[in-house]
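A short worksheet on the structure shown next.
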Protein chains: 2
Amino acid sequence: MTKTEPLKDAAQERDEIIYQHLHAAICDSRLLPGTRLPEDTLAETFGASRTIIRKVLQRLAYEGLIEIRPNRGAQIAEPSVPEARDIFATRRILECGALAEMAGKVSAADLEALKAINAAEDDAQLKGDRAAAIRLSGEFHIHLVGLAGNAVLSELVARLIARSSLIIATYGSPISVTCRHSEHEQIIDLIARGAFAEAADWMGEHLTTIERSLRWEQETPDLQAVLREFIGGSAAKP
Amino acid sequence: MTKTEPLKDAAQERDEIIYQHLHAAICDSRLLPGTRLPEDTLAETFGASRTIIRKVLQRLAYEGLIEIRPNRGAQIAEPSVPEARDIFATRRILECGALAEMAGKVSAADLEALKAINAAEDDAQLKGDRAAAIRLSGEFHIHLVGLAGNAVLSELVARLIARSSLIIATYGSPISVTCRHSEHEQIIDLIARGAFAEAADWMGEHLTTIERSLRWEQETPDLQAVLREFIGGSAAKP
DNA sequence: GTCGATAAAATTGTATACAACTAATTGCGT
DNA sequence: ACGCAATTAGTTGTATACAATTTTATCGAC
């Protein structure tokens with residue numbers, strides 16, 4: 001899946017494994033935004049020296065998945081509301097643009113692969129495996145964009161999707177956080193019919209739907225309002 | 001210009017300076033693709049330890065401006081032809097998309113700023129200052145996209161533009177490598193009239209024009225062909 | 001108890017020493 | 001001269017020690 005290069009070096013591969021572990025843990029919401037990532041702890045966990053951990057952390061910081069504050073260490077990024085909006089707006093541009101360039105490049109096998117991912121996502125959803133559902137939902141989008149045959153575009157979208165899972169972890173309501181199964185299916189159908197312009201439109205709607213399902217207001221716990229409400233209500237034991 | 005954050009730390013700032021130096025040297029084609037970047041040399045040049053240099057090099061590698069091969073060090077990236085095509089295709093999607101989202105956000109002052117950059121580029125062109133012309137041409141595109149008010153989008157485009165200067169350095173003909181002055185002016189005019197859809201179309205054409213002006217065939221110096229030609233012609237002194 | 005300053009602990013930032021690897025050179029045999 | 005191994009020089013990869021900084025804990029004074 002993510003094995004793209006021949007991996008010349010064993011050391012290179014070890015770095016990659018640590019990176020993939022952390023990346024997956026973040027995208028699956030097993031590590032929630034704000035979680036601190038002390039270098040010593042990670043080094044001990046992965047059996048590597050801080051030098052290696054540091055390299056991986058900087059890579060994750062570059063991708064916007066963690067934030068490194070000078071002398072204060074790393075923590076899982078907490079996307080701001082404007083940043084989240086920008087990310088979804090950029091995804092709309094890129095993913096719709098990818099669909100528009102896809103005409104004549106999509107084979108029957110490609111469509112089957114998309115359907116398989118979609119089915120797996122549906123399955124995970126039914127089983128209540130939320131982490132798997134989120135991951136497969138992302139994989140659907142990544143795989144879809146890949147059909148445009150533009151490696152640069154694919155990488156940009158993959159990174160934005162990873163950041164999107166941080167957005168969902170921060171602002172998503174506990175239920176119904178992933179794409180609706182039927183919407184992905186609709187996109188597959190439109191592509192199968194060769195209606196790429198319509199598919200692009202639908203994708204735009206789809207992403208807007210996801211964005212709208214988020215709860216922007218809760219960003220800051222709004223300490224003042226919470227306390228006022230608490231005082232107004234029944235003040236239980238301290 | 002690039003001073004975005006308060007820069008809490010002096011060390012942080014020192015890293016940034018080294019990064020900016022290398023970044024500018026690459027984008028201005030003062031460091032050409034393929035140039036090797038030994039860590040010791042850079043460390044001595046900038047008066048820093050290899051630890052610092054290493055950090056900066058990895059950042060440049062993430063952005064695709066240099067390539068780090070395991071155990072073999074870093075060198076200025078040499079974009080392949082497919083990669084170059086993908087970069088321009090992605091720029092078309094992003095920059096046209098930015099223009100489409102710009103309606104109602106552009107002030108008269110913004111237009112003046114664009115005109116100023118364009119004039120400066122024209123000036124550099126006339127003076128024969130090729131490095132400045134390339135830099136200002138990139139700045140025009142970056143500033144233009146910035147008017148969409150999407151920071152994520154702006155950063156992605158800025159990175160692709162940096163890589164574009166590597167493409168131009170690799171495949172560009174020595175003359176007429178930058179955007180035509182009149183095309184940028186045309187885009188400004190269309191925006192001033194509020195014709196954002198037309199401006200987006202024109203931007204697409206503009207980027208395609210740049211892409212077409214490149215010489216894809218010369219990628220590998222094609223040793224065999226060159227030698228055959230040499231033997232067939234007049235073989236001068238060895 | 002609360003607040004403040006001080007001290008201790010924990011954590012990150014950096015330089016450097018050494019190991020591992022690659023590239024270049026030498027030297028030998030044919 | 002040529003090819004090929006062995007040696008040497010040069011460069012990168014990593015762990016670690018130490019310095020700098022932040023965070024936590026301690027301890028009086030009010």
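In what follows, chains are A, B, ... by sequence order, proteins preceding strands, each numbered from 1.
Each of G73(A) and G47(B) was matched to the nucleotide of DNA chain C holding its nearest heavy atom; the match closer to the 5' end belongs to G73(A). If you find the closest nucleotide of DNA chain D to D15(A) and to T41(B), the one lying nearer the 5' end belongs to T41(B).
Distance from the side chain of D40(A) is smallest to dT12(C) among dT12(C), dT14(C), dT12(D). Closest contact between the side chain of S49(A) and the listed nucleotides dA15(C), dT14(D), dT22(C) involves dT14(D). Comparing dT14(D), dT12(D), dA15(C) against the side chain of R14(A) picks out dT14(D) as the nearest.
Spacing between atom CD1 of I52(B) and atom C1' of dT12(C) amounts to 13 Å, rounded to whole angstrom units. One atom, CD1 of I68(A), and another, C1' of dT21(D), lie 16 Å apart when rounded to the nearest Å. If you take CD of Q12(B) and C1' of dT22(D), they are 15 Å apart, rounded to a whole angstrom. Between the P atom of dA15(D) and the CD atom of E44(A) lies a distance of 15 Å, rounded to the nearest Å. Between N71(B) atom CG and dA20(C) atom C1' there is a gap of 7 Å when expressed in whole angstrom units. One interatomic measurement links the two molecules: CZ of F46(B) to P of dA15(C), which rounds to 15 Å at whole-angstrom precision. Atoms CZ (R72(B)) and C1' (dA20(C)) sit 14 Å apart, rounded to a whole Å. With rounding to whole Å, E39(B) atom CD is found 15 Å from dT22(C) atom P.
If you check every strand for non-hydrogen atoms under 4.0 Å, R36(A) touches nothing.
Ion pairing between a basic and an acidic side chain is recognised when a charged N comes within 4.0 Å of a carboxylate O; R135(A) and E121(A) show no such pairing. Ion pairing between a basic and an acidic side chain is recognised when a charged N comes within 4.0 Å of a carboxylate O; R163(A) and E63(A) show no such pairing. Salt bridge absent: E44(A) and R50(A) never bring a charged side-chain N and a carboxylate O closer than 4.0 Å. Salt bridge absent: E67(B) and R72(B) never bring a charged side-chain N and a carboxylate O closer than 4.0 Å.
Identified under the ring-ring contact (aromatic ring centres under 6.0 Å, His included) test for residues 34-82 of chain B, with sequence neighbours left out: Y62(A)-Y62(B), H21(B)-F46(B).
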